[in-house]
Peer 1: 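Pasting in a structure now, in structure tokens, and then I'll have a few things to ask.
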Amino acid sequence: IIMGRLPKGFAVKKAVAPSTPLVQATAQPADASQHPPVDVPEESTGGTNRFLKLQPQHAAPLTSPAETLGTDQAAGGDDGTETRGHMLQRHRAEVQAFKKSVPRLGKKSKEEVAKLLADIEARHGRELQELDAQPAAGEPAAALAHLSGLSLHDGGEDVEAHAEEGGAGKGRTKAMKRREKVAAQQADREARVAADLEAAGPSARVQEEEALVALLTPLGLRMRDIRADGHCLYRSLQDQLTQTAAATAKAAAAATVAADSGADTQAPSPEAGQSSVGQGWDVQELRTAAAARVRAHPDEYSSFMQLEGDDETPEAALERYCAELEGSAAWGGQLEISVLAQVLKRPIHVHSVGLPIVMLGEEFVGQTPLQVCYLRHAFGLGEHYNSLETSLVVEEAS
């Protein structure tokens, strides 16, 4: 075939516009008054507004949603009422039939088709609202009367029985059941542990704490918990420095008030009851000051150093100890307490169960001692230091 020519015997028939300007694009439902037909315009060509019949002439005619779903299924029930589920199925069938019957059209015609589709969806929404406004069909009157007669106060057993009969186990997923099982196992395990602890009696930690309370109470002291992080000794002394500084400031303020009122009273000086050394220091500053004291007096502390290996000298052992003292969270003990007593120029008293009070730095006469307590069974790792406070301080703070 040559471009622009047709083979012999080939005839072109002129297309004839359909006689009817508008045709139905969707199937007619059983009740035409409720579901009006939908008209779809044809694509504009040649400046004339013609309309295309969307239903093929030789194809099977479109069926209504009632025919597609079946008569009983579209009706919804034996009494002829349409349920919500069947109405939604009919709506979907209508929309699908409408979309399948619309070919690809021009921009203007697509806008008109969109408007028609919006009208269909608006009608569907009205039908659903009307259906929801109607009372539920097929609901037994006896069941309604039974439910209306139930009360939370009277007949509670009937409510529980009705819940068990109507929906026992509904809404509980496998994950919920697994969590409930794990929670039950955990509760049973905790109950067994509590029973074992009760049968074993008080632990060594509880016994030591009770004995220490009995020891401190006659002295007007009580424990002040300190964090167990390897720095407990230094944190306890830091807390003691803070407490004594606050007590000195309070006494000085009281003396000032008494002096203003004409009483013959002098404000306490740092030398008369408390050294000012170390006030405001943190844990690292206490460790650094202790290491500096050991380095400055090697003859006094070299005998406490343990050599590691045959080649290590006492000087090297002392330097290794000082580096560990100021650069790690190594625990403190009696040696470190004696060093800090010299640094702070304050006596330090250590209270513990089964031992007399250990007093270090007693040469600093007239200075308020720093009070700490030593526990052997405080934690699983072993020893621990806590700070102490007077009962008067506790009462005022509360």
Peer 1: Does Asp229 have any side chain to side chain donor-acceptor pair (under 3.5 Å) partners at least two apart in sequence or in another chain, and if so, which?
Peer 2: Arg227, Arg235

Peer 1: Does any non-hydrogen side-chain atom of Arg90 lie less than 4.5 Å from one of Glu82?
Peer 2: yes

Peer 1: Could you give the distance from CG (Leu388) to CG (Leu370), rounded to the nearest 0.5 Å?
Peer 2: 11.0 Å

Peer 1: By salt bridge (charged side-chain N to carboxylate O under 4.0 Å, His left out), which residues pair with Glu319, not counting sequence neighbours?
Peer 2: Arg295

Peer 1: Can you run down the salt bridge (charged side-chain N to carboxylate O under 4.0 Å, His left out) pairs that involve residues 357-369, sequence neighbours left out, and say none if there aren't any?
Peer 2: none

Peer 1: My understanding is that only residues two or more places apart in sequence, or in another chain, count here; which of them pass side-chain contact (heavy atoms from CB on, under 4.5 Å) with Val213?
Peer 2: Thr217

Peer 1: Grab the two heavy atoms, one from Ser387 and one from Gln240, that are nearest each other, plus how far apart they are.
Peer 2: OG-NE2, 2.9 Å

Peer 1: If I take atom NE2 from residue His384 and atom CD1 from residue Ile226, how far apart are they, to the nearest 0.5 angstrom?
Peer 2: 7.0 Å

Peer 1: Would you confirm whether Glu324, through its side chain, and Tyr321, through its main-chain N or O, come within 3.5 Å as a donor-acceptor pair?
Peer 2: no

Peer 1: Can you name the salt bridge (charged side-chain N to carboxylate O under 4.0 Å, His left out) partners of Glu208, sequence neighbours left out?
Peer 2: none

Peer 1: Which distance, rounded to the nearest 0.5 Å, do you find between the CG of Asn386 and the SG of Cys373?
Peer 2: 4.5 Å

Peer 1: What pair of heavy atoms forms the shortest contact from Leu325 to Ala291, and how long is it?
Peer 2: CD2-N, 3.5 Å

Peer 1: With sequence neighbours left out, write down each residue that passes side-chain contact (heavy atoms from CB on, under 4.5 Å) with Ala187, or none if nothing qualifies.
Peer 2: none

Peer 1: What are the two closest non-hydrogen atoms of Phe364 and Ala341, and how far apart are they?
Peer 2: CE1-O, 3.4 Å

Peer 1: What are the two closest heavy atoms between Ala214 and Pro218, and how far apart are they?
Peer 2: O-CD, 3.1 Å

Peer 1: State whether the number of non-hydrogen atoms from other residues, nucleotides or ligands found under 6.0 Å of Asp311 atom CG is greater than 12.
Peer 2: no

Peer 1: With a 4.5 Å cut-off on side-chain heavy-atom distances among I, L, V, M, F, W and Y, is there a chain of contacts connecting Ile120 to Leu116?
Peer 2: yes

Peer 1: Examine Tyr374 and Val339 and state if one hydrophobic cluster contains both, with Ile, Leu, Val, Met, Phe, Trp and Tyr joined whenever side-chain heavy atoms are less than 4.5 Å apart.
Peer 2: yes

Peer 1: Are Leu237 and Leu335 connected in the hydrophobic side-chain network, where two residues link if heavy atoms are under 4.5 Å apart?
Peer 2: yes

Peer 1: Salt bridge (charged side-chain N to carboxylate O under 4.0 Å, His left out) with Glu312: which residues, sequence neighbours excluded?
Peer 2: Arg320

Peer 1: Enter the distance from Leu219:CG to His349:NE2 here, rounded to the nearest 0.5 Å.
Peer 2: 11.0 Å

Peer 1: Can you tell me how far CG of Leu360 sits from CG of Leu340, rounded to the nearest 0.5 angstrom?
Peer 2: 10.5 Å

Peer 1: Would Trp281 and Val343 count as a side-chain contact (heavy atoms from CB on, under 4.5 Å) here? Give the steps.
Peer 2: CA-CA 12 Å; Trp281 283 7; Val343 170; 3.9 Å; yes

Peer 1: Would you check, one step at a time, whether the test side-chain contact (heavy atoms from CB on, under 4.5 Å) holds for Glu285 with Gln238?
Peer 2: CA-CA 10 Å; Glu285 289 172 329; Gln238 179 190 13; over 6 Å; no

Peer 1: Where do Gly333 and Tyr385 come nearest, in terms of heavy atoms and distance?
Peer 2: CA-OH, 3.9 Å

Peer 1: Check whether any side-chain N or O of Arg205 sits under 3.5 Å from a backbone N or O of His377 as a donor-acceptor pair, and report yes or no.
Peer 2: no

Peer 1: What's the shortest heavy-atom distance between Ser302 and Leu318, and which atoms?
Peer 2: OG-CD1, 3.6 Å

Peer 1: Check whether Val350 and Leu375 end up in the same hydrophobic cluster, where Ile, Leu, Val, Met, Phe, Trp and Tyr are linked by side-chain heavy atoms less than 4.5 Å apart.
Peer 2: no

Peer 1: Is any side-chain heavy atom of Leu233 closer than 4.5 Å to one of Leu286?
Peer 2: no

Peer 1: Suppose we screen for salt bridge (charged side-chain N to carboxylate O under 4.0 Å, His left out). Which residues come up paired with Glu180, at least two apart in sequence or across chains?
Peer 2: Arg172

Peer 1: Sub-3.5 Å donor-acceptor pair from the side chain of Gln367 to the main-chain atoms of Arg346, do we have one?
Peer 2: no

Peer 1: Are Val283 and Leu241 co-members of a hydrophobic cluster defined by side-chain heavy atoms under 4.5 Å apart?
Peer 2: yes

Peer 1: Which of parallel (below 30°), tilted (30 to 60°) and perpendicular (above 60°) describes Tyr301 and Phe304?
Peer 2: tilted

Peer 1: For Gln284, give me all partners under side chain to side chain donor-acceptor pair (under 3.5 Å), at least two apart in sequence or on another chain.
Peer 2: Thr288

Peer 1: Applying side chain to side chain donor-acceptor pair (under 3.5 Å), name anything that partners Glu190, two or more places apart in sequence or on another chain.
Peer 2: Gln186

Peer 1: If we ignore angles and hydrogens, is there a donor and acceptor under 3.5 Å between the side chains of Glu94 and His124?
Peer 2: yes

Peer 1: How far does CD of Gln371 sit from CD1 of Ile348, to the nearest 0.5 angstrom?
Peer 2: 10.5 Å

Peer 1: Do the charged groups of Arg126 and Glu130 touch, with an N to O distance under 4.0 Å?
Peer 2: no

Peer 1: For Ala323, enumerate each residue passing the side-chain contact (heavy atoms from CB on, under 4.5 Å) test, keeping only those at least two apart in sequence or located in another chain.
Peer 2: none

Peer 1: Before you tell me yes or no, could you show the steps for Arg222 and Leu216 under side-chain contact (heavy atoms from CB on, under 4.5 Å), namely the whole-Å CA-CA distance, both residues' side-chain angles and the distance that decides it to 0.1 Å?
Peer 2: CA-CA 6 Å; Arg222 65 179 296 174; Leu216 296 175; 5.8 Å; no

Peer 1: My understanding is that only residues two or more places apart in sequence, or in another chain, count here; which of them pass side-chain contact (heavy atoms from CB on, under 4.5 Å) with Leu128?
Peer 2: Arg84, Met87, Leu88, His91

Peer 1: Taking 4.0 angstrom as the limit, do Lys115 and Asp119 come out as a salt bridge?
Peer 2: yes

Peer 1: Is there side-chain contact between Lys99 and Leu117, with heavy atoms separated by less than 4.5 Å?
Peer 2: yes

Peer 1: I'd like to know if the side chain of Arg376 and the backbone of Val353 have a donor-acceptor N/O pair within less than 3.5 Å.
Peer 2: yes

